[in-house]
Number of protein chains: 2
Amino acid sequence: MEKNEKKILPCDDKCPVKASLSLLAGKWTMMIIFQIGDDVMRYGELKRAIPSISEKMLIQELNMLVANKLVSKKAHPEIPPRVEYRLTDLGLKTIPIIDKLVEFGKENLVKL
Amino acid sequence: MEKNEKKILPCDDKCPVKASLSLLAGKWTMMIIFQIGDDVMRYGELKRAIPSISEKMLIQELNMLVANKLVSKKAHPEIPPRVEYRLTDLGLKTIPIIDKLVEFGKENLVKL
DNA sequence: TCAGGTACTTACTAAAAAGTTAGAATTGTT
DNA sequence: AACAATTCTAACTTTTTAGTAAGTACCTGA
């Protein structure tokens, strides 16, 4: 048993990194979650908060997040329409990930 | 000042989320970092640890990580070649991100 | 009546990312 | 002499992702 000392546990389909990324890996996904945080945000507010996102990507990502139960949506029956998005309990559990991402970015990448 | 109560700080190019993702967002990037952890790993070990990655993507990502100073590379002048990869100090600082990703995946996504 | 704000939807295009396949260089082993 | 192991490299194709531009519907205020 001198050789092959290193135990490698291969990343298969049950890899938790892969599983988490399957929900969060989109170009805009984490930025949207970051912006919502523990607030309520309207579609238009998110649009202004992420100026470079296209409307298509914004609703597409929001719909995906709602479908995956990270975000909940409440449409108020008013004119003009008012639609509110907030993180679900599951979505709130992704906040620590984003926090660490922010911390890393601030401390190592974003020049002051 | 009754209207427009909510302060929105737009995500521009200095957004730390965006900055971090510019390094880490690739399909395989975080899985490679996860596998290296605080060990030393050879190219071939990584290949076996992530069986579904193609060789092209593996070296491409490793080169990218080396170029971005998250990973250091040491090639031993031997035959057959032995090349070792490990996380740099900067790379080690991404571990908390991956830890949270793993935690979220394990607790909420990966079925037992 | 006409632009403006709200929250989308749809069709099409372009760009980015990843996959496939083949091969190179070296030396030891059979 | 052929083959295996190791760490790549390069050309090409496919798939995935994102961007663009236009349009819908509703009501309000000018």
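Throughout, protein chains are lettered first and strands after them, A, B, ... in sequence-line order, and every chain is numbered starting at 1. As the structure is a computational prediction, the values presented were derived from the model and not from experiment.
- If you take CD of B:E78 and C1' of D:dT7, they are 13 Å apart, rounded to a whole angstrom.
- In this structure, A:R42 atom CZ and C:dG5 atom P are separated by 13 Å, rounded to whole Å.
- Taking atom CG on B:L58 and atom C1' on D:dT7, their separation rounds to 10 Å, with Å as the unit.
- In this structure, the CD atom of B:E84 is 14 Å from the C1' atom of D:dT6, given to the nearest Å.
- Atom OG in A:S52 sits 3.5 Å away from atom CH2 in A:W28 (nearest 0.5 Å).
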Protein proximity profile, nucleotides 9-19 of chain C - base contact B, sugar-phosphate-only contact S, no contact -, cut-off 4.0 Å on heavy atoms:
B-B------BB
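- Atoms CE and CD1, on A:M57 and A:I50 in that order, are 11.0 Å from each other to the nearest 0.5 Å.
- Cluster annotation: A:L24 is connected to A:L92 through the hydrophobic network of ILVMFWY side chains, with a link wherever side-chain heavy atoms come within less than 4.5 Å.
- The interatomic distance linking A:M41 (CE) with C:dA7 (P) rounds to 11 Å, in whole Å.
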Under the criterion side chain to side chain contact (heavy atoms under 4.5 Å, CB included), I'd like the reasoning laid out for A:S20 against B:L109: C-alpha separation, chi angles, the key distance, then a yes or no.
CA-CA 7 Å; A:S20 296; B:L109 305 175; 4.1 Å; yes
Could you walk me through whether A:E84 and A:K73 pass the side chain to side chain contact (heavy atoms under 4.5 Å, CB included) check?
CA-CA 6 Å; A:E84 292 179 335; A:K73 169 179 178 173; over 6 Å; no
Any chance you could list the contact pattern along nucleotides 25-30 of chain D? Use B for base contacts, S for sugar-phosphate-only contacts and - for none, protein heavy atoms under 4.0 Å, 5' to 3'.
--S---
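- By the 4.0 Å N-to-carboxylate-O rule, A:K47 lies close enough to A:E55 to be salt-bridged with it.
- Taking the side chain as every heavy atom from C-beta outward, B:R42 and B:P81 never approach each other to under 4.5 Å.
- The phosphate of C:dC8 has OP1 or OP2 within less than 4.0 Å of a side-chain N or O from A:K73.
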Which atom pairs, donor and acceptor, lie under 3.5 Å between side-chain atoms of residues 94-101 of chain B and protein residues at least two apart or in another chain?
unit_1	atom_1	unit_2	atom_2	d
B:T94	OG1	B:G91	O	2.7

Show me the side-chain donor-acceptor pairs of residues 58-70 of chain B shorter than 3.5 Å, one per line, residues at least two apart or across chains.
unit_1	atom_1	unit_2	atom_2	d
B:E61	OE1	B:T29	N	3.4
B:E61	OE1	B:T29	OG1	2.5
B:N63	ND2	B:I59	O	3.3
B:N68	ND2	B:M64	O	3.3

Trace of the side chain to side chain contact (heavy atoms under 4.5 Å, CB included) decision for A:V102 with B:V17
CA-CA 5 Å; A:V102 169; B:V17 177; 3.6 Å; yes
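- One finds no side-chain N or O of B:R82 lying less than 4.0 angstrom from the OP1 or OP2 phosphate oxygen of D:dT6.
- Over its full length, the helix from C:dT1-D:dA30 to C:dT30-D:dA1 turns its helical axis through 30°, comparing axes from the five pairs at each end and rounding to 10°.
- One atom, CG of B:L21, and another, C1' of D:dT17, lie 15 Å apart when rounded to the nearest Å.
- Looking at residues two or more places apart in sequence or on another chain, you find no side-chain hydrogen bond (donor to acceptor under 3.5 Å, both in side chains) involving A:E103.
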